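For reference, the structure discussed in these notes is given below.
Predicted model only: the values in this text are computed from it and were never measured.
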Amino acid sequence: MDAGCTVGRYLVDRLRQLGLEHLFAIAGDYSIEWLNRYVTPNGIDIVEEVNEVNAGYAADAYARLKGIGALCVTYSAGALCAVGAVAGAYVEKVPLVLINGTPSVKKTITFEQTGFSAHHFITGRETDLQSFEHVTAAAIRVDHPDLAPALIDYALTKCISERRPIYIELLQDMVDLECEPPQGVLQPGRARSDETSLEQSVARIRAQLENAENPLIWLGVEIDRLGLQDKALSLIQQLNVPFVTELLSKAVLSEDDPLFVGVLDGQASSKAVIDVVDASDFVLALGVWLTDINSLGWEPDYGKTAFASFDAVKWGTFFAGQVALGHLIDGILAEKIVPRGRKLPERAARVAPAVGEADVITYQGFYSYIQQYIDRNTIVGVDASMNYFGSLLLDVPDPGGFVVQSSYSAIGYSAAAATGICLAKSPGQKVLVFSGDGGFQMTAQCLSTQTRFGLDPVIFVIDNGVYAVEQWLADASVFHTDKPFYKPCELHRWNYSALADVFGCQGWEVGTYGELSDAVTSALRNTSGPSLIQVHVPDKTIPDNANWKTN
């Protein structure tokens, strides 16, 4: 036994080895000693958050950019508040570590045997663990120092292998107990493929790519989660075929690429994307997840689309199981398919909108206008709202420069996620976040954390006084008629820009394009803290690509 290693130190060392530089935390007496004695002195910065939901969203976004994220909470009263954030990370394959500071073995046994309760207890040792077993790749309880290294290594290896969250119960009386030190460095489990399935899939796809007159590649979110960006780009360049993405994988490669057409998201797609999909006679979908948000009002043509995702290839009646996506791309690249002479689609030139400084901002007008501020040094974050539609058509030139939780779609994600984005981004990058007013009301305290740590996202709150996307989903005809909004969709109006005074940051309230221009210019100069821009838009204006749904 190494007298210099304890359970608390072991966990910190493993997290640091995996590249964790910031840990999001809420103070709690069951975890505070670990934070104070082990995390702070050992090279991981603690980001003291205001609540568990914000901490979870911040850690989730951090993990999307850095490859690992973590939050520390206290038992039950804290941990159970983070279930929604962890569930979202599970759905979207985000490598997130939840450390739950937990009552001691003695307190647990006393409660179970006598009924004498410690604070936060519900039913003893199983409540939190069982809750998180359903939304994590591994859920462990560290209640013996000799087992701690194996348990921690198992859970963390599952996290980086499956790209999904894990749950670690760290009992308060285990933290200072000695254990064996870490051995080696943790590595993800190797991807595995069935050779026959892989060979059959490569052969079928090769033949179709060689014979198709107008093939198309559709890149999905697994390209990002599995770190396959370089391989995907090599394949696109070798084949010299156009490609599209989905909303969840927007900007997985640079949208400046001449072969990029746009985001394929059903009837919300641009005309150029719809045209190229309709004209294609074979679509190779790599890592695409089909959801109702990624296929709005549209049904894929399964007869001409080969889906390679979830470790399988599905194409019409053909199915091949246990085919790792990376192995499939390697196999196609190895075939060295000679591209046919094809006419590639021309990208329409984007023209800045002609608006007057005194013109009232509309939802679509805002997005047409804001494009000029997005360049290769910009990361865009978007919330579950009508902002999905406006942001979908933005050009985002930075690979990985778009963060969205569009599969799980938790309203309120993006503003809190901006905390994690700012801490994970490269120096010199700016962060622009587009939130609905309803979503922002859920996580507005993120401004406190961002101000405290000098983080400088620009958060646009589109203020129309209504849960517009919920109304749109239920009855979109309201936006085209005099019909009233559903009562549950109406919001209590906030003076959002005034929150800047509450939290100690800077805020602007705008309703015209001239005011918007002045506010954005000032916000981009503000590097000492967050900037909040309250953008008034008429309550029945929506982005143009949302107008297809009228009932």
Side-chain angles (χ1 to χ4, degrees), residues 67 90-95 137-138 157-164 187-212 214-249 252-253 259 264 277 280-291 294-295 299-339 407:
Y90 183 84
V91 168
E92 302 211 348
K93 288 195 173 181
V94 178
T157 301
K158 290 280 282 187
C159 180
I160 61 176
S161 300
E162 297 187 19
R163 317 303 292 172
R164 276 190 157 138
Q187 298 290 340
R190 292 171 295 170
R192 298 176 63 243
S193 292
D194 176 82
E195 288 300 322
T196 300
S197 293
L198 178 61
E199 290 172 3
Q200 290 177 346
S201 299
V202 170
R204 283 175 175 262
I205 291 171
R206 172 188 175 169
Q208 198 65 19
L209 286 171
E210 288 179 333
N211 295 326
N214 294 296
L216 176 68
I217 291 180
W218 186 9
L219 297 183
V221 66
E222 287 184 6
I223 296 295
D224 172 76
R225 300 296 190 263
L226 301 177
L228 300 175
Q229 294 92 332
D230 291 342
K231 289 185 179 182
L233 180 60
S234 295
L235 179 62
I236 289 166
Q237 291 174 339
Q238 183 187 105
L239 297 173
N240 195 37
V241 298
F243 73 98
V244 295
T245 58
E246 52 182 343
L247 179 60
L248 193 56
S249 60
V252 65
L253 301 180
L259 292 171
L264 175 56
V277 171
S280 65
D281 50 357
F282 177 64
V283 179
L284 177 57
L286 300 173
V288 168
W289 297 348
L290 291 179
T291 78
N294 288 335
S295 56
E299 187 78 8
D301 186 337
Y302 296 102
K304 72 175 184 181
T305 306
F307 287 94
S309 55
F310 300 109
D311 292 331
V313 176
K314 294 85 67 178
W315 176 15
T317 59
F318 174 76
F319 176 84
Q322 198 176 5
V323 179
L325 183 58
H327 293 167
L328 179 73
I329 297 175
D330 285 339
I332 300 171
L333 281 167
E335 295 295 318
K336 300 189 183 302
I337 301 169
V338 178
S407 184

Once the angle between the rings of Phe307 and Tyr302 is folded into 0 to 90°, is it parallel (under 30°), tilted (30 to 60°) or perpendicular (over 60°)? tilted
Side-chain donor or acceptor of [X] paired with backbone N/O of [Y] under 3.5 Å:
| X | Y | answer |
| --- | --- | --- |
| Ser249 | Thr245 | no |
| Glu222 | Phe310 | yes |
| Glu210 | Ile337 | no |

Could you give the distance from [atom1] ([X]) to [atom2] ([Y]), rounded to the nearest 0.5 Å?
| X | Y | atom1 | atom2 | value |
| --- | --- | --- | --- | --- |
| Leu226 | Ser309 | CG | OG | 10.5 Å |
| Leu219 | Ile236 | CG | CD1 | 4.5 Å |
| Ile217 | Ile332 | CD1 | CD1 | 7.5 Å |
| Glu92 | Arg163 | CD | CZ | 14.0 Å |
| Leu333 | Leu239 | CG | CG | 7.5 Å |
| His327 | Asp194 | NE2 | CG | 12.0 Å |

Which atom pair, heavy atoms only, marks the closest approach of [X] to [Y]?
| X | Y | result |
| --- | --- | --- |
| Ala212 | Phe282 | CB-CB, 3.9 Å |
| Gly287 | Glu246 | O-OE2, 3.9 Å |
| Leu216 | Pro242 | CD1-O, 3.4 Å |
| Arg225 | Lys93 | CD-O, 2.9 Å |
| Phe319 | Ala312 | CE1-CB, 3.7 Å |

Quick check: do [X] and [Y] have side-chain heavy atoms less than 4.5 Å from each other?
| X | Y | answer |
| --- | --- | --- |
| Gln208 | Pro215 | no |
| Asp301 | Val283 | no |
| Leu247 | Thr291 | no |
| Leu325 | Ile223 | yes |
| Leu284 | Val241 | no |

Please output the side-chain donor-acceptor pairs of residues 198-205 that fall under 3.5 Å, not counting sequence neighbours, one pair per line with the distance.
unit_1: Ser201; atom_1: OG; unit_2: Ser197; atom_2: O; d: 2.8

Test: salt bridge (Lys or Arg N to Asp or Glu O under 4.0 Å). Region: residues 310-337. Which pairs qualify, not counting sequence neighbours?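 Salt bridge (Lys or Arg N to Asp or Glu O under 4.0 Å) check on residues 310-337 returns Arg206-Glu335, Lys231-Asp330.
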Within the supplied structure, the quantity of interest is the number of heavy atoms (other residues, nucleotides, ligands) at a distance under 6.0 Å from Asp281 CG; does it exceed 12?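 Yes - once you tally the heavy atoms of other residues, nucleotides and ligands closer than 6.0 Å, there are more than 12.
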Evaluate the side-chain contact (heavy atoms from CB on, under 4.5 Å) criterion for residues Asn240 and Leu259: first the C-alpha distance (whole Å), next the side-chain angles of each, then the deciding distance (0.1 Å), finally the verdict. CA-CA 8 Å; Asn240 195 37; Leu259 292 171; 3.8 Å; yes
